[in-house]
Amino acid sequence: MSTDTRAAVRIDVETGTRSSAVWIGEGIAEQLPALLDGHGVGKRRFIVSSPVIWRLHGAQLQHLGSGGEPILIPDGERYKNLQSVARIYEALIRAGADRGSAIVAVGGGVIGDTAGFAAATFLRGVTLAHVPTTLLAQVDSAIGGKVGVNHPLGKNMIGAFYQPHAVVIDPLVLGTLPRREFRAGLYEVIKYGMTSSAPLFDRVARERKAIFSRAIESLMPIIEESCRIKGEVVTADEREAGPRRILNFGHTAGHAIEAVTRYRRFRHGEAVGYGMLVAAELSAARGALSNQHQKALADLIVSLGPLPPISDLSSKQMLEAIRHDKKVVAGKLHFVLPTAIGSTSIVDDVTEKEMKAAMLKVGFRK
């Protein structure tokens, strides 16, 4: 359900465990204390962020915290691990946090996932709120309750489903985001277009320049639509037993890329960009996706700008990483294949031979 309140949009994500309110609005960060109060986010709030994010936004957001100094942890996929979670635990324990306390995650996907896992597990669970500061976090990772950290053998192998009480999204904070980070978030928007909304896909293609210039009138619709799609899918399937699996489109090969490169070379969205190309190639080879729609996806991904090279990554390395993918259930890998712009299917019969052929076509080496 969505409602408009004072130029802001509210999307309610209803699950069996909790109702989460997602607020989206230009300048809505100014209303954060009142919004968090209204959604029962504890009076004693501990902010978890990164040094870079806090330097950029701390002056505006420091009034949110009532638990002392913010807990600052390193950013980046290679720091999304149990060591970072332990740093959060230690800071909370030293500050005397209790079950009435709350964690407010201020940052991108790594900060949100790591702080969220700490919230899910500290004292068996404390209240959680997200204030996402990257496009990827605003349209994807802050919504839906997936929290967790990486293991050297696989992405997000350690985690939980833990719904936040509130997610507050202010597009204005994206003004400080480097172009590469912003672009990384757009790949996730394209994912939603491919899985669920041809109009969203077309809007990104049509308004690409305005979106990159961070024009609010172009940003708000793609953020709102992405959050609406994510919210509806999570409401239908919180724990990824069925429909929620479509949100893994591009993530099978994408997560493998990140694992093979030890989370150092690619932004998550960039890896997903390549993952979508692999899935589209595989689907086209099966005759399930038309050449026209495959080309439209490839053209849109290329039009956003350069991706890091993959020619030194072998299909053998990739396949080994995919064998450890958490989407393997009862020995079968559930793979999301696009069938048209706005439509996908989930299959469990993709062979390694097919995956290797698709990877070679995209540009991986043998």
Side-chain angles (χ1 to χ4, degrees), residues 15 17-22 29 32-134 137 141-151 155-169 173 263:
T15 69
T17 54
R18 181 175 293 117
S19 174
S20 294
V22 180
L32 267 167
L35 287 172
L36 297 184
D37 286 345
H39 291 291
V41 179
K43 293 292 184 184
R44 194 165 186 220
R45 298 168 186 152
F46 292 85
I47 294 173
V48 178
S49 190
S50 74
V52 172
I53 294 298
W54 202 245
R55 186 169 66 248
L56 292 169
H57 302 292
Q60 180 188 13
L61 300 177
Q62 61 184 354
H63 60 291
L64 291 180
S66 49
E69 290 295 310
I71 302 168
L72 303 181
I73 59 174
D75 210 341
E77 284 288 340
R78 65 183 181 275
Y79 298 111
K80 187 175 147 181
N81 53 37
L82 289 173
Q83 287 88 342
S84 293
V85 177
R87 289 178 63 168
I88 298 173
Y89 292 154
E90 182 173 347
L92 292 172
I93 294 168
R94 289 183 180 279
D98 58 28
R99 286 181 175 172
S101 302
I103 287 178
V104 180
V106 178
V110 169
I111 296 298
D113 285 3
T114 308
F117 185 65
T121 50
F122 182 70
L123 297 178
R124 298 190 174 90
V126 296
T127 302
L128 172 67
H130 287 292
V131 182
T133 60
T134 66
S141 62
I143 299 161
K146 278 189 177 181
V147 298
V149 294
N150 302 328
H151 184 276
K155 170 103 171 175
N156 294 332
M157 296 297 284
I158 305 160
F161 291 95
Y162 195 70
Q163 298 298 334
H165 280 62
V167 180
V168 182
I169 297 169
V173 304
Y263 310 105

If you apply the rule side-chain contact (heavy atoms from CB on, under 4.5 Å), what do you find for Tyr162 with Thr121, and how did you get there? CA-CA 9 Å; Tyr162 195 70; Thr121 50; over 6 Å; no
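- Heavy-atom minimum distance, Pro74 versus Arg87: CD-NH1, 3.4 Å.
- Taking the side chain as every heavy atom from C-beta outward, Leu92 and Ile103 approach each other to under 4.5 Å.
- Looking at heavy atoms from C-beta onward, Ile93 lies in side-chain contact with Phe122 at the 4.5 angstrom threshold.
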Please assess Val106 against Ile111 for the test side-chain contact (heavy atoms from CB on, under 4.5 Å), listing each intermediate value before the final yes or no. CA-CA 7 Å; Val106 178; Ile111 296 298; 5.9 Å; no
Checking Asp113 against Asn156 for the side-chain contact (heavy atoms from CB on, under 4.5 Å) test, could you report, in this order, the C-alpha distance in whole Å, the side-chain angles of both residues, the deciding distance, and whether it holds? CA-CA 9 Å; Asp113 285 3; Asn156 294 332; 4.3 Å; yes
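- Nearest heavy atoms, Gln163 versus Gly144: NE2-O, 2.8 Å.
- Separation of atoms OG (Ser49) and CG (Leu61) is listed at 8.0 Å; rounding is to 0.5 Å.
- With values rounded to the nearest 0.5 angstrom, Met157 atom CE is found 8.0 Å from His151 atom NE2.
- Residues Tyr79 and Thr114 bring no donor and acceptor atom of their side chains to less than 3.5 Å of each other.
- Closest approach of His130 to Gly112, counting heavy atoms only: CE1-O, 3.4 Å.
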Would Phe46 and Val126 satisfy side-chain contact (heavy atoms from CB on, under 4.5 Å), going step by step from the backbone distance to the final call? CA-CA 11 Å; Phe46 292 85; Val126 296; over 6 Å; no
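- Remark: side-chain polar atoms of Arg45 are paired, donor with acceptor, to backbone N or O of Gly42 under 3.5 angstrom.
- If you run side chain to side chain contact (heavy atoms under 4.5 Å, CB included) between Val48 and each of Ile88, Val104, Leu128, only Ile88 comes through.
- Here the CG-CZ distance, from Asp98 to Arg44, works out to 7.0 Å after rounding to the nearest 0.5 Å.
- Distance check: Ile158 CD1 to Leu82 CG gives 4.0 Å after rounding to the nearest 0.5 Å.
- Smallest separation of non-hydrogen atoms from Glu77 and Tyr263: CB-CB, 3.4 Å.
- Considering OG of Ser50 and CG of Leu72, their distance stands at 7.5 Å, rounded to 0.5 Å.
- Taking the side chain as every heavy atom from C-beta outward, Phe161 and Thr15 never approach each other to under 4.5 Å.
- Residues Val41 and Ala102 approach most closely at CG1-CB, 3.7 Å, considering heavy atoms.
- Nearest approach of Ala137 to Gly107, heavy atoms of both residues: CB-O, 4.1 Å.
- Without hydrogens or angle criteria, Ser20 side chain to Pro164 main chain gives a donor-acceptor distance under 3.5 Å.
- Note: Ser84 OG to Ile71 CD1 = 12.0 Å, rounded to the nearest 0.5 Å.
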